[in-house]
Novice: 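Before I ask anything, here is the structure I am working with.
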Amino acid sequence: MPMLNLRDGTRLYYKDWGQGEPVVFAHGWPLNGDMWENQMMFLASKGYRVIAHDRRGFGRSDQPWDGYNHNSFADDLAELLDHLDLRNVTLVGYAMGGGEVTRYVGRHGSARVARVVLIGSTTPKLGQSEDYPHGVPQVVFDNVRGGLMEDRAEFLRGFARLFFSTGNDTDEVSEGRLAHVHHMALQGSLKAAHDAVTACAETDYRDDIGRFDVPVLVIHGERDAFVPFNATARQAAALFPNATLKVYADAPHGILFTHKDQLNQDLLQFIAD
Amino acid sequence: MAGGFEGTQRAVNAMGLALGRLDASAAAPLLEALAERGLAEARRDDLLRRLLIEVRLVALNCRAGKLLGIGESALPITAAELWPFAEASQLAESLHALEDPEGCFRAQLAMKVPGGTVHVLYTSWREPTDPPGHITFGLLDVSDQVAAEQALQQQRAQMAHADRLSTLGVMTATIAHEVRQPLSVILASAQAALRWLRRTQPDLEQVEQCLDMIVLGGAKAEDTVARLRQLAAGRSEARERCALGPLIEETVDFLRPELSARQATVLLDIARNLPAVRADGVQLRQVLINLLINAAQAMADAQCWNRALKVRARAEEAAVQIDVEDSGPGIAAADRDRLFEGFYSTKASGLGLGLKICRQIVEDHGGTIDHVPRPSGGSIFRIRLPNAA
C-alpha cells in the first residue's frame, strides 16, 4: 500500500492507477478514496492517471488526534501533489473534499492545477452564519455530532441511507451499496468524523474562491440531503470567476454511484476540453 | 319573602346568596324504608317518587325565588316541582342532615324551573334555628359554567376532527399512492383482459384471472377510501378490543409514502403477544399518524443526516407501552413543558393542535402520553395504555 509520510508523522494512504494526465480525487465525509472507484476505473481506462488518497483519520490512513481542519487537509493534499510532483492536475473534490481542493488552491496557488471539479461540494460555505444566511443551521451539525457520540455505527447506517435518498418513492438502492458506504464510513475514526463535521460546517471558502484563476465545473444533485443545492452550489456558481454549473435533476448526494455514467461523461468532457 | 334568615340578612344580601328551606317532617318513614337493604328497583322508585311529594319547599329568600322562578305566594310547594326525579336519591341523601346536625351535603343538579332547567350547586345543612324536620339549603347558579363545559367538550371534538382533516391534508403522498396503486392494477388488468378477449380464440381463463385482479384492486381501493373516510368522519367513539401490533403495522404501512417523502426510514420493534387494549381504533391511528408524521417532519425540517424512526411496543405491567422514537434534533427544554398545550408549535407551519389532541385521546382511553428526551437530542413519545379487562 503506497503511504506518504506527512509533516507530523501521519501516514497518508493513496492509490495511483494508470498513466496520462493526472486527475486527483478528494473524497467526502466520512468515507474514503474507494468512493471514487467508478470514476477512477472509467478515467484510467480512458488514458488518465487517477490518484485518490484517504484523508487523515479516514479509510486506511493513520488516525492522529488532531489536524482535522481545512488548512491541514489542504496542506496534506499539497504534500501529496509535491511528492508525486504532479503537473497540469485536474482536482476533483466531493462534498468536504470540494472544500479541501478549494482551500488547496486558495492556500497553495494553482501552479500545479489545470482545472477543478466540485461535486456535491460544501463550497462556498455549508453552515449558516450571520454573513452567510443561505447555509444549513448550526443545530444540524450539533445533531450530527450528538448522533456520532451516541452510537456512531447506527448513526452512519442512517447516513448511508440518506446518502442515496431523494425522498421520491422511486428511490432504489441495493443493500450491497448501502453496506459499502456504511463500511467505508465505519473505517474512519470517531475523532476525525466528529472534528471534520465542525470543519465542514464552519469553514468559509469565499476568500479562496476569490483567488481562483482556473476553470471550475460545479456538479450537484438537486435533492442532495446533506449539502443542499441552494446552500452551496447555487451560490458557488455565482462566486467562481469561471464556473460551469450542472445540476442533476432529482438526484441525491451520492451521484458518484447513482448517476455514475452521466458523471463520468461530464468529467471526461470537462477534462478533455 | 318568608323569613328565617334575618340574623344574617345583610351578609346574605351582600353576597347574593340564594337560600331556602325544606320541610321533610313527613318524610321520616320514607327515608327509613329507603335505607333498607336489597330494595327492589320498582319499590325504590316508588319511595323516591313519594319522597319528592312529601318533602315541601317552605321558604325561599328573594334571590332563590328569582333563580327558581317561584313567587312567595306559591309556597309551600312539593319538592317534585323543582327536583328532577332522576336525582331523587340525592334528595334522600341530603335529608340525612336531619340526623347529623354537623353534616353538609353537596350536589350539582339541574333543577326544574318554568320553561326549562337551571344548573345549580346545591348545598344543604341544618341551621340551629330550623324547626324539627326542616333543613336549609343554598343554591349557586352554575349554568354558565355548565354551558361553558359543554361548549368545551364540543370544541374538543371539533378540534380532534379538524386535526384529522388537517392530517389528511398533509398526507398527500399516502393518499395519492393508496389510490393510484389499485387504479393502475385495475387499468392494467382491464387492458390485458381486452387483449385476451380480442384474440381470434379468446382465452377465457386468462380473462377470468384478469377480472379477479380487477376485483381485488377494486376491493383495495374501496378499503382505502373507507379508511380515509373513517379518519375524515366527525365521530367514532366506539371502544372495542384492539390488537395493537397489527394496528401499528397497518398504520406505519399506510404512512410509508409519507415517511419516505421525508426521507425517514422506519424500524418496527413490536413484542409478540401484546395484550389487547380497549380502544377506539380510529382515534389510536390518529395518535400514531400524528406522532409519526411529526417525527418524520422534525427530522426533515432539521435536515438530519440520520432519519431513523423507531416504533417499539412492549407489554408492561397491566399496560402496553408504545414508544415512537426519532433521531431528530429533539425538543428544547424550554419548549417541553408547553408541548402538549394547544396552539403551541415549534414548526413554522404547525397549528400546534396535534399533540394536545393526542394527549386528550390517550387520556380519554385511561392512558398517558409523555415526551422523553434522548441523550443525543432525539425524542421519544411514550404512550401507555391500560390492558383490556
Side-chain angles (χ1 to χ4, degrees), chain A residues 28-30 95-96 126-128 135-173 178 181-182 185 193-194 196-197 200-201 223-232 252-254, chain B residues 170-181 184 253-267 269 293 295-310 312 325-335 346-348 372-380:
Chain A
W29 183 97
M96 75 173 286
L126 182 60
Q128 200 173 62
V136 174
Q138 290 299 331
V139 59
V140 172
F141 307 106
D142 294 340
N143 188 238
V144 173
R145 283 181 291 254
L148 287 172
M149 296 301 283
E150 190 198 10
D151 184 345
R152 181 175 74 105
E154 180 60 24
F155 180 85
L156 291 174
R157 214 155 66 120
F159 168 85
R161 288 217 164 266
L162 208 57
F163 192 85
F164 295 107
S165 171
T166 63
N168 293 330
D169 52 5
T170 49
D171 280 349
E172 253 178 64
V173 54
L178 281 173
V181 168
H182 191 210
H194 177 275
V197 170
C200 279
R223 298 185 59 109
D224 191 317
F226 304 121
V227 185
F229 170 67
N230 282 333
T232 53
H253 188 58
Chain B
V170 298
M171 283 171 53
T172 48
T174 296
I175 293 170
H177 178 267
E178 289 286 307
V179 173
R180 201 170 49 204
Q181 199 259 347
S184 53
D253 209 42
F254 182 60
L255 279 183
R256 222 168 268 281
E258 221 56 59
L259 302 176
S260 70
R262 291 165 178 81
Q263 295 171 285
T265 50
V266 195
L267 188 82
D269 177 8
I293 291 185
Q297 188 80 53
M299 293 191 290
D301 285 352
Q303 305 176 36
C304 287
W305 289 16
N306 169 34
R307 300 184 192 172
L309 187 50
K310 281 178 211 156
R312 206 176 7 244
E325 177 178 341
D326 67 58
S327 57
I331 290 153
D335 294 332
T346 55
K347 286 183 283 186
V372 183
R374 287 180 64 218
S376 69
S379 288
I380 300 173

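Hydrogens, waters and symmetry mates play no part in the numbers below; they use all other heavy atoms, side chains included. Quick note on labels: first sequence line is chain A, next is B, and so on, each numbered from 1.
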Novice: Based on non-hydrogen pairs under 4.5 Å, which of B/A300, B/A264, B/G328, B/G330 is most in contact with chain A?
Specialist: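 That would be B/G328.
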Novice: Check each atom of B/R256 against the heavy atoms of chain A and say whether the ones under 4.5 Å are side chain, backbone, both or neither.
Specialist: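 For B/R256, there is no contact with chain A at all, as no heavy atom is under 4.5 Å.
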Novice: Please check if the number of heavy atoms outside A/R152 that lie under 6.0 Å from its CZ is greater than 12.
Specialist: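 Yes, the 6.0 Å shell around CZ holds more than 12 heavy atoms from other groups.
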Novice: With a 4.5 angstrom heavy-atom cut-off, is it the side chain or the backbone of A/V144 that approaches chain B, or both, or neither?
Specialist: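 It is the side chain, since no backbone atom gets that close.
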Novice: Could you walk me through whether A/L156 and A/L148 pass side chain to side chain contact (heavy atoms under 4.5 Å, CB included), step by step?
Specialist: CA-CA 8 Å; A/L156 291 174; A/L148 287 172; 4.2 Å; yes
Novice: Is it the side chain or the backbone of B/T265 that comes within 4.5 Å of chain A heavy atoms, both, or neither?
Specialist: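 For B/T265, side-chain heavy atoms alone lie under 4.5 Å from chain A.
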Novice: Within the 4.5 Å heavy-atom criterion, are B/R262 and B/R307 side-chain neighbours or not?
Specialist: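 Answer no - side chains too far apart.
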Novice: How close do A/L126 and B/W305 get, heavy atom to heavy atom, and via which atoms?
Specialist: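 Heavy atoms only, the tightest pair is CD2-CZ2, 4.5 Å.
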Novice: Given that the side chain runs from C-beta out, which part of A/F163 has a heavy atom under 4.5 Å from chain B: side chain, backbone, both or neither?
Specialist: neither
Novice: Measuring only between side-chain heavy atoms, which start at C-beta, is B/S327 closer than 4.5 Å to B/R374?
Specialist: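 When only atoms from C-beta onward are counted, B/R374 and B/S327 do touch, with a gap below 4.5 Å.
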